[in-house]
Every structure is written in C-alpha cells, then in structure tokens.
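Read through the structure below, which is laid out as structure tokens, and then see the notes.
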Amino acid sequence: MRYPFKQVEEKWLQYWEENQVFKTDLNNTQNKKYVLVMFLYPSGANLHIGHWYNYGPTDSWARFKKLLGYNVFEPMGYDAFGLPAENYAIKTGIHPYDSTMQNIEDIRKQLKKMGCMYDCNAELMTCVPEYYKWNQWIFLQMYKRGLAYRKFAPVNWCNSCQTVLANEQVIDGECERCNSKVIQKNLYQWFFKITDYAEELLDGLNKINWPEKTKIMQRNWIGKSEGAKVIFKVEHSDEEIRVFTTRPDTLYGVTYVVLAPEHPLVDRITTEEHKKAVENYRESTKLLTEIERTSTVKEKTGVFTGAYAINPVNNERVPIWIADYALITYGTGCVMAVPAHDERDFEFAKKFNLPIKKVILQDGTKEEDELTSAFTDVGTMINSDIFNGTRSDEGITKVIEYLEQKDFGKRKINYRLRDWLISRQRYWGTPIPIIHCPNCGEVPVDEKDLPVELPYDVDFRLGGESPLARNEKFIKVICPKCSGDAKRDPDTMDTFVDSSWYYLRYLNPNYKKGPFDTELADKWTPVDMYVGGAEHATMHLLYARFFHKFLRDLGLLNSDEPFSTLVHQGTITNQGAKMSKSKGNVVNPDEFIENYGTDVFRMYLMFMGPYDQGGDWSDKGISGVDRFVNRTYDLFKQYENKLRNVIASDKYDLSSLNDDEKKVYRKVNQTLKKFSDEIENFRFNTAVASLMELLNELKALENCIDEIKLYVLSRFAFMLASVAPHLGEECWQFLGNDKSIYLSNPSFIIDSEALSEDNVNIAIQVNGKLRATISVPIDSEQSYLKSLVEKDERVMKFVNEKTILKEIFVKNKIYNIVVK
RNA sequence: GCCGAAGUGGCGGAAUUGGUAGACGCGCUGGACUCAAAAUCCAGUGGGGCUCACACCUCGUGCCGGUUCGAGUCCGGCCUUCGGUACCA
C-alpha cells in the first residue's frame with residue numbers, strides 16, 4: 001500500500017500543535033540544546049529549495065537531540081527590515097510594513113509544511129517597535145561609551161540603492177544587492193567601533209567550534225599585522241610622515257616615500273612647481289575609483305610632490321611621491337618604499353627610475369648581483385650600519401628596539417578591519433536615536449523616550465537623502481537640552497544590527513525591561529548549534545560576535561561568544577548556477593511536496609550528498625527515497641496493533657537468539673550506533689543510508705519472535721522520527737504506542753555486545769595484493785589463520801617456491817605475506 | 001597573485017588512526033507478476049582478459065614521482081574545478 005503521506009502528515013502536524021509537543025520549558029536548563037538556523041528574510045517569493053535544505057536537516061539534528069532526551073530550543077523568526085521591501089514599495093506603492101506582514105503570514109504557512117519543531121511561542125520579527133526599540137537602546141549604550149560615533153568619511157555609495165554600504169557589503173567593487181558599481185563619496189555617517197574588539201575577535205576564534213575556513217576568513221578580514229610605526233621628518237618643514245611597516249629590517253633600504261593621493265599632508269608639502277601635476281593626479285585617481293577601480297591591469301602610477309623626507313636611521317634624503325597603490329584606508333596612508341625588498345615598490349621604482357638599494361642579501365648571492373625582482377625572503381642585513389650581518393628575521397625586533405630607544409618610532413600592530421558603517425539613507429529600518437541641535441550638537445534621545453518610532457506615512461522615493469528627512473512630523477523636534485528647534489537624525493541602521501543579537505531575544509520575545517531576559521540568556525547562551533550560509537562569514541557572523549562581547553561588557557551576559565558550534569549548509573545550484581529570482585532558475589519545492597510529501601523531500605535533501613557541500617540540484621534519486629519510505633511504511637503497517645501487548649526487554653542475550661534474530665538484533669544496534677554518530681556530525685547522507693541498509697536486512701524479521709520484532713522496530717521508528725518525523729510518529733503508533741514518540745522518552749541504550757559479529761572476513765594478501773578472503777571467528781589469532789592459509793591454493797600458488805620475508809597481521813582485518 | 005576546499009563507476013556519492021575501493025541510492029540489463037503497460041518484487045551491474053561455465057588473472061580513486069609489507073588516504077612536484085580575497089605596506 002502506498003504511504004498515505006497527506007493524511008499522515010496532516011494528522012501529526014495537528015497533534016503536535018494541539019499537544020504543544022515542541023514548546024520548550026526554558027526554565028529547565030538541564031541538558032539544554034539551543035539549536036538555531038539563521039532567521040528568515042520575508043521576501044514575497046515562496047520558500048525555495050535552499051530554505052528547505054537549510055532548515056530540514058538542521059531540524060532533524062534537533063529532533064534527534066530531543067529524542068535522546070535533551071531539552072531542545074529551536075526558534076524561528078523574521079529578519080523583517082531591509083531594502084527589498086522598500087524597493088518593492090517604490091515600484092508598486094505597497095507599503096513595506098504591509099507587504100512584509102503579508103509575506104510573513106504567507107511564509108508561516110509554508111514553514112509549517114516543513115514539519116520543523118519550531119517553538120511558536122518564541123517567534124520574533126525585527127520590524128516592530130518592540131524589537132527595534134532595543135536596537136536603539138544598544139546604540140545609545142555604545143554611544144555613551146564612545147563606540148558609536150559619527151564622522152565625515154569617504155564611504156561606499158551605491159547610486160542605484162541610493163545608500164551607503166559597509167565594506168563587507170561591497171563585492172568586487174559592486175553593490176552586494178544590485179551589482180551596480182560602488183563609488184566613493186564623503187558623508188557624515190555613523191560607525192560602530194568594532195575595531196576596539198579586533199584583538200578579542202581574533203583571539204576568540206580559537207575557542208569556538210566553527211568551520212576552519214570560516215575562522216580563516218575572519219582572521220584574514222581582521223588582518224592583524226605586526227610591525228613598526230616610523231617617523232620620517234619632512235625636509236624644510238615641521239611636518240612629519242608616519243609610516244607603518246612590517247619590515248623594519250629593510251628600513252635602511254628606503255629610497256622614497258609614498259602618500260595616498262587623498263592624504264591631507266599632500267596639500268601642505270607639495271612644492272609650487274609640482275602642484276599642478278599633483279592636482280591632476282588626484283583628480284584622475286578619484287575618477288579612476290569611480291570608473292574602473294577593479295581593472296585587472298594594475299600598472300603603477302604616481303607623481304612626485306617635490307618634497308623630501310629624511311630617513312631617521314641614516315639621515316638619507318628621499319623623495320616623497322603620491323601614488324594610488326598607497327591606500328588611505330590602511331595603516332597611516334603612508335608607505336616607506338623599499339624597492340629591493342617589496343614587489344610593488346620594485347615595480348614602481350623601475351617605472352619611475354627611482355634608486356633600488358639592496359639591504360638584505362639573499363643567501364648564496366653577492367651584493368653586486370643585479371636584482372631582477374624584489375627579494376622578500378629572509379637573508380643577511382647589509383648596508384644597514386650597526387645591523388650589518390644580522391639575519392633579517394631577527395633584525396625586525398632589533399630595529400624596532402633601536403627605533404624605540406632613539407624615539408624614531410614604535411612597535412605597532414595594525415588591523416585591516418575597519419569600523420562598521422551602520423547608517424543607511426533609507427526608510428525601512430531602525431531610526432537612529434540621535435537629535436541634531438544647532439546649539440547643543442549631537443543629543444542622544446533619552447532612554448525613556450525610546451522607541452523612536454518609524455513613521456508609517458513617508459514618501460520613500462529615492463532622492464539621495466533619507467526618506468525620513470522629508471517627513472516633517474518625524475524630523476522636527478524640540479531639543480531635549482535647550483528646547484530649541486532641532487532635527488532628528490534622518491538615517492536608519494544597517495539591518496545587520498537587527499541580526500546581531502536576535503538569538504538573545506528569542507528567549508523571551510516580549511521582554512520589556514531590556515533587550516533580552518538576562519537570566520534566561522545566561523542559561524541558554526551560547527547557542528549550541530548554529531546553522532546558516534557561509535556567505536555571512538565576514539558580516540553577520542563577525543558583527544554578532546562583536547555585539548555579544550559588547551553586551552557582555554555591559555554586564556548583560558557572561559559568555560564570550562554567541563555561537564559555540566557553527567555549521568554551514570552547502571549551496572544547491574541549478575545547472576551549476578546559483579538559484580536566484582532574477583535568473584529565473586529557482587526550483588520550486590512545491591511539486592515535490594505535492595507528489596512525495598514532506599518526509600521524502602526532506603530525506604532526499606539529506607541523502608543527496610555531504611551537507612556542507614551542497615551540490616547541483618537533480619531530482620533523479622528522489623524515487624529511491626520514496627521507495628524506501630513506502631517499503632518502511634508497508635513493513636510497519638503489517639504489524640499495526642499486532643505488537644500492542646508485547647513487552648520487549650532493553651537487552652537480549654545473543655546466545656538465546658536464533659540466527660535471524662541475532663542478525664536483526666545486531667543490525668539494529670549497529671545502525672543505532674552509526675546513525676547517532678552520523679547525525680551528530682551532520683553527515684545526514686550516510687545516516688539515511690544506514691537506515692536503508694537496516695531496512696534491507698529486515699526481511700529476516702519474519703523468523704523472529706514478537707519481542708525481537710518489537711525491539712527492532714521500535715528502534716527503527718525512533719531513528720525514523722528524526723529524519724522523517726511524520727512517518728516516524730506513524731510507525732511508532734503502529735507498534736501500539738498511543739503517545740507521540742517525542743513525549744515517550746524511549747531512551748534506547750545501545751547493546752555494545754551486539755556491535756561485533758561472530759565471524760569476520762579477513763583479507764589475505766601476498767605482497768599487499770588481495771588473493772583471498774577467509775571468514776574466521778572474531779579475534780582469531782595469526783597462527784590459526786596461518787594454518788588455514790597454508791591449505792589455500794588461491795594463496796599458496798603465489799607463495800610456493802618463494803622465500804617468506806615477513807608476515808603482517810592485523811587482527812580482524814588483514815593477513816599479508818611478503819615474499820621474494 | 002595569495003588563502004581555503006575538492007577531483008573516486010554511466011550518475012549522486014561511501015570508505016575509523018594508511019589495512020578487502022565503489023556502502024547506500026539512481027540509472028541500466030535480465031527475470032517474475034500482467035492480455036499489455038505502469039507500479040511492485042527477485043537477480044546482475046567499474047574496465048579489460050580468459051573460460052561453455054564456475055573459477056581465475058589483470059588494470060583501476062585528476063597527472064608524475066616518492067615513503068610503506070600495504071596509499072583514495074601520507075610526502076614532493078604539477079593540472080583542473082569551485083569558494084574567499086585583492087596593490088593591506
């Protein structure tokens with residue numbers, strides 16, 4: 001009979017809801033497991049395969065933990081602010097609030113079909129004042145501590161989205177969202193001082209169980225480098241140039257200095273005769289950034305300023321150039337150029353005929369040998385006064401010590417990480433709780449006046465300024481300090497602010513005394529298992545760590561990290577291409593749900609391949625899972641109500657069982673072991689395969705007594721309930737159970753004695769080549785095998801007339817005879 | 001360029017610390033059931049050789065080399081694909 005999935009799925013969904021099976025008792029923190037998937041962006045499109053792939057298997061993991069007796073908390077919510085809703089509004093006139101709420105309602109229904117254990121009491125959305133009020137509150141706490149600040153700064157501007165972007169949101173010089181070219185613009189913007197936490201963010205990576213590649217990405221993004229700051233005086237001037245270098249050992253080889261074109265010093269030091277050229281160059285680089293910054297041809301360009309700097313260690317006079325290969329955003333915006341030992345400087349020096357001075361001698365070469373490229377490895381220091389003869393790697397610290405002694409410079413650590421730009425010139429986000437007063441300057445909104453509510457009636461057409469700036473009712477306020485006319489800050493916050501702490505809010509979404517219930521947060525965080533896309537490696541996953549540490553420093557949390565274990569699901573592609581609405585290649589899961597049901601579809605997604613690898617979508621194998629599910633259903637259906645009065649023990653003595661009983665008893669114990677291991681480690685494909693193997697062995701069930709049947713089938717149903725929840729429940733019921741398996745606490749213990757077999761197959765090799773396999777009792781000794789092999793013609797024909805040099809024996813595995 | 005991951009049958013993919021390569025599934029082939037088909041069930045299925053057949057032999061995990069009794073797994077050198085990053089001093 002075909003598995004009537006529609007009735008079964010409906011039945012159990014209803015049961016779970018009516019009996020609140022998945023409501024978590026948050027006050028009970030014994031055996032707690034906080035399982036979380038990255039929350040959902042409520043777009044108008046249907047949930048696609050990617051959502052199912054993310055949520056389904058993770059839910060199976062959570063379900064298995066629950067079956068094992070853990071107190072599992074698995075919430076789901078909506079990341080409801082953001083640009084797409086606003087762009088949609090501009091196009092259609094439908095207000096972002098209305099469309100978002102409608103979308104959430106639609107998505108709730110679809111989510112339900114997945115049959116996940118989401119605790120609906122914990123649902124949250126970020127676009128309501130009850131939530132974003134606390135974004136503002138956190139903002140104010142940062143402001144108080146100098147961690148939220150406003151500055152006039154060059155920012156990434158997307159003309160199409162009419163807003164600024166964080167560095168993390170610029171991909172290949174293009175806007176992450178709309179792929180249009182990002183340009184530079186100078187604007188007053190709000191920043192969060194994430195750089196204050198750079199060192200701790202780096203350090204903390206060693207303490208968390210995250211994919212190594214994600215940690216590496218964060219490490220690179222933070223980009224710590226150690227070196228020195230060196231001060232060069234500008235000749236005939238009071239100005240000084242402070243450079244950062246990781247190679248103080250090459251300091252004697254400096255032949256020129258480079259400033260970034262935008263560097264403020266340029267105006268003050270450029271000589272009259274070079275002003276024009278410098279101005280032209282600055283203009284051209286500005287244009288270049290706007291037009292073609294990502295050009296693959298990186299021909300070095302630059303101009304001389306006419307000024308000279310003095311190298312503090314040898315008083316050499318070196319020219320000061322400007323060039324766009326010096327970046328204003330990194331280090332001090334100034335570079336000491338050592339062409340002999342830096343590839344970029346070498347290239348530049350060659351092009352502009354600047355001197356190349358060798359100060360590190362490569363082992364096995366002579367000083368007068370000409371350099372054909374920069375030598376950047378370790379060698380012996382030369383032309384370096386008192387350091388001559390020193391190995392360059394040791395020279396680094398020695399030169400730094402010397403610089404500090406003479407007051408020429410200092411040891412310095414630099415980070416690539418920049419502060420997080422959070423202002424957005426858009427409507428659909430959290431208003432920034434700051435008032436700008438002509439008399440008092442920046443005035444933070446009083447905490448008791450929060451939330452600063454986002455007004456509903458707004459003209460959100462694009463215009464280069466925030467839509468909120470055009471809303472008189474919102475923008476005009478009385479300054480709380482001087483009672484004069486003032487204006488609210490018209491910008492809203494980056495939506496990554498919302499997602500930086502939502503996992504704390506889930507624990508009590510209605511909490512009123514603070515952003516989250518600190519008592520619960522202490523018990524339930526860090527999140528035990530966090531699952532989401534790898535594309536968030538340097539954005540959400542970095543910001544959330546920063547927030548967590550900040551909230552800890554506020555005294556609201558005790559833990560240092562938000563997510564102790566992280567897993568990335570892979571990407572499901574369609575014919576090699578990422579699925580996206582714009583490409584029109586999104587595979588709709590609906591037809592599979594309709595034809596096969598939720599359980600089959602979820603199980604197929606798990607079975608396809610390694611979870612973190614994703615893969616190209618194909619429905620080719622789904623019939624295999626469908627067959628498995630139907631066979632399984634048939635098997636259990638056969639025993640419907642027949643085992644109701646049977647009672648199985650927790651353990652059976654193998655010697656009391658017949659061969660078939662032994663076989664299935666062992667197999668189910670072995671499967672339970674394997675299945676548990678595989679699920680625990682997110683290896684769902686092999687977990688499902690192990691169940692298929694088990695089913696294939698269960699033909700032998702016919703020759704078993706009822707007790708064994710029940711023993712085996714109840715364990716099978718137990719495992720099924722994790723990967724095919726509705727079917728698992730149904731099968732559990734067929735065995736005579738009246739209650740949901742999730743309310744039954746079966747606590748099956750693996751019989752470790754049943755894990756091994758009576759007999760094992762040993763590979764018999766001659767010189768490492770397989771010549772025969774022999775079945776022997778487990779743990780047989782070498783001598784016994786030898787006696788068998790000696791009678792075995794298949795093996796002996798390769799041994800006869802040759803000398804046995806060696807025999808290698810690995811118990812229960814292999815017996816290898818080495819001959820010559 | 002640099003950092004990271006991966007290359008295994010016709011296909012998706014399995015293989016504890018080096019120890020019987022190809023689990024599980026798809027597909028395909030043959031058979032049963034059927035008037036027939038679908039569905040279902042049973043059997044077979046890496047390539048090559050040899051044989052009436054059973055058996056047996058041989059080659060096989062991107063390429064070349066090495067370590068080892070034994071390598072998909074370890075080491076050295078390449079090639080390809082996919083992610084990340086990009087003048088970071």
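Values reported hereafter were calculated over all heavy atoms of this structure, with side chains retained and with hydrogens, waters and symmetry mates removed. In what follows, every chain begins at residue 1, and chains take the letters A, B, ... in the order their sequences are listed.
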Interatomic distance at P, B/A6 relative to B/G10, whole Å: 23 Å
Sugar-phosphate only, base, or nothing, as touched by A/K215 at under 4.0 Å among non-hydrogen atoms: nothing
Distance flag, aromatic centroids of A/F684 and A/Y611, threshold under 6.0 Å: yes
Sugar-phosphate only, base, or nothing, as touched by A/V335 at under 4.0 Å among non-hydrogen atoms: base
Out of B/G19, B/A86, B/C3, whichever nucleotide has its closest atom nearest the side chain of A/I814: B/G19
Short side-chain N/O contact from A/R771 to OP1 or OP2 of B/C56, under 4.0 Å: no
Sugar-phosphate only, base, or nothing, as touched by A/A326 at under 4.0 Å among non-hydrogen atoms: base
NZ (A/K578) with more than 12 external heavy atoms under 6.0 Å: no
Under 4.0 angstrom between A/R2 side-chain N/O and B/A39 OP1 or OP2: no
Nucleotide nearest A/M217 when distance is taken to its side chain, options B/C42, B/C24, B/G84: B/G84
Of the listed nucleotides B/A21, B/G10, B/G19, the one nearest the side chain of A/L770: B/A21
Sugar-phosphate only, base, or nothing, as touched by A/N696 at under 4.0 Å among non-hydrogen atoms: sugar-phosphate
Closest to the A/R416 side chain, choosing from B/G27, B/C24, B/A86: B/A86
Residues A/I231, A/F408; criterion side chain to side chain contact (heavy atoms under 4.5 Å, CB included); working and verdict: CA-CA 6 Å; A/I231 299 162; A/F408 293 155; over 6 Å; no
Proximal nucleotide (of B/C69, B/A14, B/C3) relative to the A/T686 side chain: B/A14
Sugar-phosphate only, base, or nothing, as touched by A/R683 at under 4.0 Å among non-hydrogen atoms: nothing
P spacing across the pair B/G70 / B/A21, given as an integer number of angstrom: 14 Å
Sugar-phosphate only, base, or nothing, as touched by A/F798 at under 4.0 Å among non-hydrogen atoms: sugar-phosphate
Separation of the P atoms in B/G60 and B/U73, to the nearest angstrom: 13 Å
Note, A/V795 side chain near A/E790 side chain (heavy atom, < 4.5 Å): no
Sugar-phosphate, base or nothing in reach of A/N685, heavy atoms under 4.0 Å: sugar-phosphate
Touch class at under 4.0 angstrom, heavy-atom based, for A/K797 against every strand present: sugar-phosphate
Sugar-phosphate only, base, or nothing, as touched by A/T246 at under 4.0 Å among non-hydrogen atoms: sugar-phosphate
Each stem that RNA chain B is part of, given as range with range (3 or more consecutive Watson-Crick or G-U pairs, under 3.5 Å): B:1-7 with B:79-85, B:10-12 with B:24-26, B:27-32 with B:40-45, B:46-49 with B:56-59, B:62-66 with B:74-78
Sugar-phosphate, base or nothing in reach of A/E212, heavy atoms under 4.0 Å: nothing
A/S623, nearest nucleotide to its side chain (from B/C56, B/G27, B/G19): B/G27
Side-chain-base donor-acceptor pair under 3.5 Å for A/K813 and B/U17: yes
C1' spacing across the pair B/A14 / B/G72, given as an integer number of angstrom: 12 Å
Pairwise P distance, B/G18 and B/C74 [rounded to whole Å]: 8 Å
Side chain of A/I808 (C-beta onward), nearest among B/G27, B/C24, B/G19: B/G19
Among B/G19, B/U85, B/A89, the one nearest A/V810 by side-chain distance: B/G19
Distance, C1' atom - from B/G13 to B/U8, rounded to whole angstrom: 9 Å
B/U80 to B/C26 separation - P atoms, rounded to the nearest Å: 37 Å
Proximal nucleotide (of B/A89, B/G27, B/U20) relative to the A/A763 side chain: B/U20
Whether A/Y543 and A/W420 hold their rings parallel, tilted or perpendicular, with breakpoints at 30° and 60°: parallel
Separation of the P atoms in B/G62 and B/C57, to the nearest angstrom: 26 Å
Touch class at under 4.0 angstrom, heavy-atom based, for A/K213 against every strand present: sugar-phosphate
Charged N-O contact under 4.0 Å between A/K357 and A/E316: yes
Sugar-phosphate only, base, or nothing, as touched by A/S225 at under 4.0 Å among non-hydrogen atoms: sugar-phosphate
Whether A/F496 and A/H536 hold their rings parallel, tilted or perpendicular, with breakpoints at 30° and 60°: perpendicular
Residue whose nearest RNA chain B nucleotide is more 5′ - A/I216 or A/T332: A/I216
Residue-phosphate contact under 4.0 Å: A/R794 side-chain N/O, B/C57 OP1/OP2: no
Per A/K620 side chain, nearest of listed nucleotides B/G10, B/U20, B/U40: B/G10
Stacked cation flag A/K229 on A/F244, 6.0 angstrom / 45 deg: no
A/K410 atom NZ, neighbour heavy-atom count above 12 within 6.0 Å: no
Stepwise side-chain hydrogen bond (donor to acceptor under 3.5 Å, both in side chains) test for A/E757 and A/Q670: CA-CA 10 Å; A/E757 301 286 343; A/Q670 290 161 352; 3.0 Å; yes
